[in-house]
Amino acid sequence: MGLSVFNTLGNRKEPFLPMEPGKVRMYVCGVTVYDLCHIGHARANVAFDIIVRYLRQRGFDVTYVRNFTDIDDKIIRRANREGVASREIAERYIRAFYEDFDRMGLLRPDIEPRATDHIPEILRLAGRLVETGKAYVVDGDVYYSVKGFPGYGKLSGKNTEDLLAGARVDVDERKKDPLDFALWKASKPGEPAWDSPWGPGRPGWHIECSAMAMKHLGETFDIHGGGKDLVFPHHENEIAQSEGATGKPYARYWIHNGFVNIDNEKMSKSLGNFFTLREVLAKVKPDVLRFFFASSHYRSPIDYSDTSLAEAKAGLSRLYRVKEKAEACEAAGARASSVPEGEAFSPLREAAERFDEAMDDDFNTAAALGRIFDAVRALNRLVPANPAAETEKAGRFLAGYAVLRPLFDVLGLLREPAKDYFQAEGGHALTEEEILLRIEARRDARARKDFAEADRIRKELDALGVLLEDSKAGTSWKYKA
RNA sequence: GGCGGCAUAGCCAAGCGGUAAGGCAGAGGACUGCAAAUCCUUUAUCCCCCGGUUCGAAUCCGGGUGCCGCCUCCA
């Protein structure tokens with residue numbers, strides 16, 4: 001069984017065969033840095049983060065490139081509004097981007113090119129297209145001539161007649177054809193500009209990705225990813241200008257993620273119905289969001305709400321409880337027994353295998369998560385009641401947990417210690433010390449069979465958001481979900 | 001108008017021709033002083049509707065209905 005991926009180019013699932021065996025060259029469209037990231041950006045990036053993690057775990061040497069669009073109309077507009085340089089806007093939001101995305105545990109790409117650092121490459125590419133007559137110059141603007149590229153529409157499944165009939169393409173008199181798009185825009189007064197053979201100007205949106213992807217990955221590379229909304233026109237145009245220039249296939253597999261919806265409607269800046277990542281991270285741990293995203297297939301739309309977040313939180317807690325037990329075993333001095341064998345482990349090993357099958361099927365994280373829960377159930381049967389007193393059992397449990405751990409890593413889940421996950425949330429009424437004091441008092445009450453007092457203390461803590469759990473090994477506590 | 005996608009239990013969500021994963025919520029049981037956690041059992045005779053293909057369809061085909069996305073900046 002091999003890995004298969006859904007390729008937007010061709011609109012079907014295909015076996016994944018990189019150009020060079022064992023090596024994957026991958027480009028993902030990053031963000032335009034003019035504002036804070038919202039959870040739609042988070043969804044897209046978590047999706048590709050998981051894809052990279054899985055490819056690497058599967059043994060591929062992945063070169064992961066993700067750009068920053070740091071020059072664009074929206075950045076300029078914001079800079080003008082605030083009376084600062086557009087560079088300053090870009091720097092500010094790149095910083096914010098890293099703050100948010102690092103918290104999400106997103107892998108840093110191997111290369112993070114910025115448009116403004118690639119002006120020479122962009123000019124070279126545009127120049128190549130002008131020289132070969134595939135692009136034309138009007139008043140310092142450079143436009144790509146779509147009619148000259150026969151494959152136009154192959155990614156998005158559109159044809160040029162339909163596009164024209166759609167009549168939603170704004171008519172610019174200077175363009176030879178309404179579908180033509182700008183490779184280079186002459187700068188207006190007060191706008192940032194770079195010198196070019198056609199006068200001072202700045203790059204159009206689509207060409208930066210082509211220039212940067214081809215510079216860092218070659219003229220043909222394996223995977224190009226982004227949100228579904230980029231299929232047309234952005235990615236269609238990237239193909240046109242890149243293949244128009246090189247005559248070679250551009251990206252071989254196009255992967256697009258579905259949207260985050262609010263009340264069944266696309267969340268977006270223009271609709272105004274968006275939540276920034278940091279707003280959401282103020283409410284829930286980053287892992288909750290990751291779990292939420294992983295619980296649907298990356299191509300499906302996913303509906304964001306407080307309810308769905310709460311459900312994700314509940315499911316994730318079940319996972320963290322397993323980790324909590326593994327930590328308890330380690331704390332008790334147990335070490336994973338070498339090879340997990342025996343009847344009790346076969347459901348675990350089977351679940352791990354079926355996890356890979358699910359991921360092989362177009363990165364089906366929802367199904368993969370199902371297999372993780374199967375494994376969790378199997379592993380929970382092996383939990384020692386008192387790890388300190390049952391080191392052998394604890395060692396077996398750890399051996400089982402070691403089978404699961406790589407699965408969590410692929411999804412980027414369970415990155416923090418369970419103790420922190422359950423106990424390190426701020427803003428609670430009681431300190432850890434105060435909680436432990438009450439647990440001690442309750443222990444004494446239980447020892448003298450004063451259950452009324454013991455229950456009183458437990459209820460008191462419960463009212464303050466602290467949950468007690470008795471076991472043979474003692475009483476543990478956690479903040480209520 | 002053109003193109004594409006989706007409709008599965010109370011909720012979320014897999015499934016891609018062989019007789020409905022998983023999670024949350026619910027019910028019963030075990031464990032517990034009682035809880036919590038955990039384990040066991042249980043919860044869709046049926047997958048929007050109507051036809052068709054097939055020994056067999058949630059899965060394929062045709063026709064409906066509803067919702068969504070792209071065609072304009074957008075993950």
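So that the names make sense, note that chain A is the first sequence line, chain B the second, and so on, each numbered from 1.
Contacts of Asp49(A) classified as side chain to side chain donor-acceptor pair (under 3.5 Å), with partners at least two apart in sequence or in another chain: Arg53(A), Arg290(A). A search for salt bridge (Lys or Arg N to Asp or Glu O under 4.0 Å) contacts involving Glu112(A) returns Arg66(A), not counting sequence neighbours. Listed by chain and residue number, His256(A) satisfy the side chain to side chain donor-acceptor pair (under 3.5 Å) test with Thr8(A) (two or more places apart in sequence, or in another chain). Legend: residues meeting ring-ring contact (aromatic ring centres under 6.0 Å, His included) with Phe373(A), ordered by chain and number and at least two apart, are absent. Judged as a side chain to side chain donor-acceptor pair (under 3.5 Å), and not counting sequence neighbours, Ser187(A) has no contacts.
Contact check of residues 448-463 of chain A against RNA chain B (heavy atom, cut-off under 4.0 Å) returns Phe451(A), Asp455(A), Arg458(A). Near RNA chain B, meaning a heavy atom under 4.0 Å from it, residues 27-35 of chain A has Gly30(A) in order of number. Non-hydrogen atoms lying under 4.0 Å from RNA chain B are contributed by nothing in residues 94-101 of chain A.
Residue pairs that meet the salt bridge (charged side-chain N to carboxylate O under 4.0 Å, His left out) test with at least one member in residues 375-384 of chain A, sequence neighbours left out, are Asp374(A)-Arg377(A). Within the structure, the salt bridge (charged side-chain N to carboxylate O under 4.0 Å, His left out) test picks out the following pairs touching residues 463-475 of chain A (sequence neighbours left out): Arg442(A)-Asp470(A), Arg446(A)-Asp470(A), Glu469(A)-Lys478(A). The side chain to side chain donor-acceptor pair (under 3.5 Å) analysis of residues 407-417 of chain A, with sequence neighbours excluded, yields the pairs Lys285(A)-Glu416(A), Asp287(A)-Arg415(A), Arg405(A)-Asp409(A).
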* Starting at the 5' end of nucleotides 18-32 of chain B, put B wherever the base has a protein heavy atom under 4.0 Å, S where only the sugar-phosphate does, and a dash everywhere else. => ---BSBS--------
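Comparing atom distances between the Asn380(A) side chain and each of A36(B), U38(B), A75(B) picks out U38(B) as nearest.
The base of C73(B) lies outside donor-acceptor range of the side chain of Lys269(A), with no N or O pair under 3.5 Å.
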